[in-house]
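Throughout, protein chains are lettered first and strands after them, A, B, ... in sequence-line order, and every chain is numbered starting at 1.
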Amino acid sequence: MRVSELLIPTLREVPAEAEVASHRLLLRAGFIRKVAAGIYTYLPLAQRVLMKIKAIVREEMNRIGGQEILLPIIQPAELWHQSGRWNVYGPELFRLQDRHKRDFCLGPTHEEIVTALVAAEVRSYKQLPLLLYQIQNKYRDERRPRFGLLRGREFVMKDLYSFDRDEEGLDRSYQKMFEAYTRVFSRMGLRFRAVEADTGAIGGSVSHEFMVLADSGEAVIVYCPDEACGYAANVEKAESMFVPETGGEEAPLEMVATPGMRTVEEVIGFLGVPAKRLVKTLLYRTERGLVAALVRGDREVNEVKLQNHLDVLTLELADEAAIEAATGAPVGFSGPVGLKVPLVVDREVAALKAAVTGANKADAHFVNVCPGRDFPVTGTADIRLVAAGDPCARCGKPLAEVRGIEVGQVFKLGEKYSRVMEAFYLDEQGIQRPMVMGTCGIGITRAMAAAVEQHHDADGIIWPVSIAPFHAVVLPVNVQDAEQAAAAGRVQQALAAAGVEAVLDDRAERPGVKFKDADLVGYPVRVTAGRHVAEGMVEVHNRRTRESALVPEEEAVTAVKKFLEA
RNA sequence: CGGGAUGUGGCGCAGCUUGGUUCAGCGCGCGUGCCUUGGGAGCACGAGGCCGGGGGUUCAAGUCCCCCCAUCCCGACCA
């Protein structure tokens with residue numbers, strides 16, 4: 001193929017809207033164009049990359065016995081009512097009506113529709129296990145689309161659904177999915193880590209996320225540096241070892257004046273006590289009313305854990321007015337003593353014997369607060385956010401922290417969907433049982449962007465060979481020079497014949513322009529036909545290592561392959 | 001959804017404070033010609049903009065006011 005004939009609209013200047021590397025480079029290198037917030041057109045180069053990623057994914061899904069299907073994007077509301085998610089999914093669900101005012105949505109995920117399919121078509125244990133998958137667009141009306149392809153409202157996803165007879169079957173399917181994902185991301189040339197994860201809106205019990213390690217990632221991962229331990233989790237899910245501290249001896253409750261001392265820092269400085277003896281009382285608004293979350297002063301609340309603990313759909317910090325109404329005091333002086341709001345007490349708080357809390361009164365705090373004695377503790381929870389340095393929940397060694405981009409997630413769903421969607425089968429005894437489900441998804445378009453995040457430099461993208469839009473570009477320095485043009489053409493033909501995907505940059509541009517574009521687009525290998533063509537030589541260049549080799553034209557294919565395999 | 005900011009040829013921006021003859025302009029890109037050909041050359045000519053949309057104020061509005069829309073960035077969700 002010839003660059004002169006391809007639609008590769010590279011930009012010299014950086015579009016103002018792009019912040020992160022993948023967004024910037026994919027726009028500049030002519031891979032994508034924005035149509036609306038979080039909605040993109042994929043140009044030929046991007047489409048080629050996506051096709052490669054999909055091919056890898058298909059191979060690995062087929063390898064574990066997955067059968068590819070194609071489910072509709074537009075889904076009737078009834079199915080979502082049946083699963084109960086029509087309301088649960090909230091404003092992120094793109095909703096629409098047909099001419100008869102019937103409700104539909106654009107699929108953000110396909111549990112409902114695939115489970116309904118299997119419920120209707122599968123009856124016997126003999127047909128299980130069943131692994132169905134598709135590669136298709138997904139729609140989520142994100143609160144805030146951003147970072148280009150990393151968080152779009154329309155994106156391409158591979159989603160697979162597993163149906164098993166029982167938990168043991170699900171365990172096997174889960175293991176298959178997990179291993180397939182490990183192979184997919186390895187083959188894509190990504191540095192990644194599988195971490196324990198919260199199950200979020202999909203629901204279910206066990207879950208792992210596959211994180212591409214990148215500083216631009218939105219997700220925070222904590223992990224145990226001890227390889228033998230290997231604990232790693234999304235911070236939303238992460239737990240640390242519970243080390244109870246009493247914070248001193250039990251003593252009579254006492255109110256002290258703390259004029260103007262609202263923040264943890266102010267109070268500990270004023271009273272001369274460590275932050276870990278303080279209790280933060282945070283009021284949250286939920287659909288069931290206000291709740292108060294209690295964590296130690298040196299901790300942060302993990303809102304995902306809190307939401308799971310409370311089993312509520314909405315959770316957000318209460319505003320000042322609500323806090324004052326509930327506590328009778330301005331913000332900064334809330335405390336659990338005498339508070340007429342349900343309390344969620346972190347286990348570290350429950351362990352304290354003499355804590356400092358707000359007194360629900362302006363400019364006052366309580367000291368020597370004893371949980372259980374001074375306020376009710378009905379069951380405790382782990383609602384704190386784990387941070388780097390906390391002891392590993394498994395081995396006690398200090399945890400480390402790193403950022404990542406979530407490109408895939410595996411779930412054990414259990415019977416959550418099969419029961420409500422009535423996906424039952426008959427076992428050998430003729431007893432009707434719900435199927436046990438699992439699911440996993442890969443963000444195809446996000447994975448492309450994640451690859452760019454991980455593989456680029458100041459000059460442009462550096463595609464891993466396995467997903468590069470083309471393996472090589474052949475670049476005649478001067479297309480007016482008949483010898484150079486001819487040599488470039490021959491090399492490109494030879495490469496194509498040898499199964500190397502090569503483009504010929506035959507544009508009548510000056511060499512600098514073509515070199516810059518080659519670096520920007522990120523072809524793994526470049527072959528330059530320049531002044532050395534007179535001696536029968538061409539230059540072969542490795543984009544990633546910047547290595548160059550001057551080789552006889554006949555050996556160009558071998559040299560290119562060597563770089564591609566390196 | 002809160003907070004902040006920005007919308008001016010394809011891209012990047014200036015002009016707005018102090019309305020009006022430098023008000024529609026610059027750089028890049030694009031077209032034609034010449035020239036050049038190992039890291040985004042040079043010269044010449046040229047095409048391209050209802051200044052995000054609507055409403056006001058005014059003799060006069062990119063410029064001032066109001067409303068809307070879009071986009072981006074920071075916080076709560078997810079592949």
Side-chain angles (χ1 to χ4, degrees), chain A residues 9-20 23 27-28 30 33-39 57 89-92 108-109 135-160 181 197-202 207 209-212 218-219 234 236 284-285 301 303-304 306-307 313-317 319 405-411 439-450 459-460 475-481 484-485 507-520 526 528-533 538-539 541 548:
Chain A
T10 57
L11 302 172
R12 296 197 180 197
E13 288 175 279
V14 184
E17 67 188 42
E19 282 289 312
V20 298
H23 191 196
L27 281 170
R28 268 198 69 201
R33 287 293 184 264
K34 189 183 70 180
V35 174
I39 298 174
V57 169
Y89 224 94
E92 233 169 70
T109 171
I135 297 176
Q136 195 213 46
N137 285 0
K138 293 283 184 283
Y139 296 84
R140 296 185 191 175
D141 197 359
E142 293 281 345
R143 297 169 159 187
R144 187 181 162 205
R146 58 181 150 175
F147 305 143
L149 261 35
L150 289 174
R151 177 167 301 278
R153 294 193 293 174
E154 175 184 78
F155 57 96
V156 180
M157 178 171 161
K158 184 287 305 175
D159 44 327
L160 179 145
Y181 274 30
D198 183 68
T199 51
I202 310 286
S207 179
E209 286 169 334
F210 285 76
M211 297 284 193
V212 167
E218 290 184 89
N234 188 319
E236 295 174 344
Y284 283 89
R285 202 163 58 72
V301 169
E303 295 186 356
V304 171
L306 179 60
Q307 189 166 1
L313 297 177
T314 62
L315 180 81
E316 56 189 349
L317 278 170
D319 57 29
I405 300 163
E406 186 199 337
V407 290
Q409 188 165 10
V410 191
F411 297 84
T439 182
C440 58
I442 291 178
I444 303 284
T445 41
R446 180 185 278 186
M448 172 167 77
D459 295 320
L475 191 160
V477 169
N478 181 357
V479 289
Q480 309 297 330
D481 183 317
Q484 292 182 12
R507 292 176 298 167
E509 291 285 352
R510 290 170 56 83
V513 173
K514 297 200 273 193
F515 285 130
K516 288 287 185 188
D517 271 356
D519 286 349
L520 182 60
R526 185 186 76 211
T528 308
R531 52 176 176 258
H532 301 290
V533 164
V538 295
E539 183 205 62
H541 176 262
S548 281

Enquirer: Give Arg285(A) one of three labels, base, sugar-phosphate or nothing, depending on what nucleic acid heavy atoms sit under 4.0 Å from its own.
Expert: nothing
Enquirer: Would you please confirm or rule out a distance under 4.0 Å between OP1 or OP2 of rC1(B) and any side-chain N or O of Arg144(A)?
Expert: no
Enquirer: Mind checking whether Val407(A) and Tyr181(A) have side chains closer than 4.5 Å, heavy atoms only?
Expert: no
Enquirer: Would you mind reporting whether Asp517(A) and Arg507(A) have side-chain heavy atoms less than 4.5 Å apart?
Expert: yes
Enquirer: What is the separation between atom CZ on Arg146(A) and atom P on rC1(B), rounded to the nearest whole Å?
Expert: 16 Å
Enquirer: Using the P atom as the point on both nucleotides, what is the distance between rG4(B) and rC68(B), in whole Å?
Expert: 16 Å
Enquirer: Rounding to the closest angstrom, what is the interatomic distance between rG48(B) and rG55(B) at atom C1'?
Expert: 30 Å
Enquirer: Say we look at rG2(B) and rG10(B): how far apart would their P atoms be, to the nearest angstrom?
Expert: 33 Å
Enquirer: First locate atom CG of Asp198(A), then atom CD of Gln307(A), and finally report the distance between them rounded to the nearest 0.5 Å.
Expert: 8.5 Å
Enquirer: For rC78(B), does the base pair up with any side-chain atom of Arg151(A) as donor and acceptor (N or O, under 3.5 Å, distance only)?
Expert: yes
Enquirer: Rounded to whole angstroms, how far apart are CG on Asp141(A) and P on rC1(B)?
Expert: 10 Å
Enquirer: Nearest to the side chain of Ala37(A), which nucleotide is it out of rU71(B), rC74(B), rG40(B)?
Expert: rU71(B)
Enquirer: Measuring only the C1' atom in each nucleotide, how far is rG31(B) from rG9(B)? A whole number of Å is fine.
Expert: 15 Å
Enquirer: If the condition is side chain to side chain contact (heavy atoms under 4.5 Å, CB included), which residues does Asp519(A) pass it with, not counting sequence neighbours?
Expert: Asp459(A), Arg526(A), Arg543(A), Arg546(A)
Enquirer: When the C1' atoms of rA14(B) and rU6(B) are considered, how many whole Å apart are they?
Expert: 15 Å
Enquirer: Does any part of the side chain of Lys516(A), heavy atoms only, come nearer than 4.5 Å to the side chain of Arg12(A), both counted from C-beta?
Expert: no
Enquirer: Take the protein atom CG of Asp517(A) and the nucleotide atom C1' of rC28(B), then report the distance between them rounded to whole Å.
Expert: 14 Å
Enquirer: Using the P atoms only, state how far rU71(B) lies from rC26(B), rounded to an integer number of Å.
Expert: 31 Å
Enquirer: Pairing check on rG40(B): which nucleotide meets the Watson-Crick or G-U wobble criteria with it, both distances under 3.5 Å?
Expert: none
Enquirer: Taking protein heavy atoms under 4.0 Å as touching, what does nucleotides 30-38 of chain B look like 5' to 3' if B marks base contact, S marks sugar-phosphate-only contact and - marks none?
Expert: ------BBB
Enquirer: Quick one: pull up CG in Leu520(A) and OG1 in Thr10(A) and give me the separation to the nearest 0.5 Å.
Expert: 6.5 Å
Enquirer: So what does Ala36(A) touch, heavy atoms closer than 4.0 Å: a base, only the sugar-phosphate, or nothing?
Expert: sugar-phosphate
Enquirer: Take the protein atom CG of Leu27(A) and the nucleotide atom P of rG29(B), then report the distance between them rounded to whole Å.
Expert: 19 Å
Enquirer: Find the partner of rG27(B): check Watson-Crick (N1-N3 plus N6-O4 or O6-N4) and G-U wobble (N1-O2, O6-N3) distances, both under 3.5 Å, and reply none if neither fits.
Expert: rC11(B)
Enquirer: How many angstroms lie between CZ in Arg33(A) and CG in Leu27(A), if you round to the nearest 0.5 Å?
Expert: 6.0 Å
Enquirer: Say we look at rG56(B) and rG62(B): how far apart would their P atoms be, to the nearest angstrom?
Expert: 15 Å
Enquirer: Name the nucleic acid region contacted by Glu316(A), choosing base, sugar-phosphate or nothing; use a 4.0 angstrom heavy-atom cut-off, strictly under.
Expert: nothing
Enquirer: Can you tell me how far P in rC28(B) sits from the matching atom in rC35(B), rounded to whole Å?
Expert: 22 Å
Enquirer: Under 4.0 Å between any heavy atoms, over every strand shown, what does Asp519(A) touch: base, sugar-phosphate, or nothing? Just pick one.
Expert: base
Enquirer: Tell me: NZ of Lys34(A) to C1' of rA70(B), nearest whole Å?
Expert: 8 Å
Enquirer: Give one of base, sugar-phosphate or nothing for Asp159(A), where a contact means two heavy atoms less than 4.0 Å apart.
Expert: nothing
Enquirer: Searching all strands shown, indicate the nucleotide that pairs with rU71(B) (Watson-Crick or G-U wobble; both distances under 3.5 Å).
Expert: rA5(B)
Enquirer: Pairs under 3.5 angstrom, nitrogen or oxygen only, protein versus nucleotides 6-11 of chain B, please.
Expert:
| residue | atom | partner | partner atom | Å |
| --- | --- | --- | --- | --- |
| rC11(B) | O2 | Glu13(A) | OE1 | 3.4 |

Enquirer: Grab the CD-P distance between Glu17(A) and rC13(B) for me, whole Å please.
Expert: 11 Å
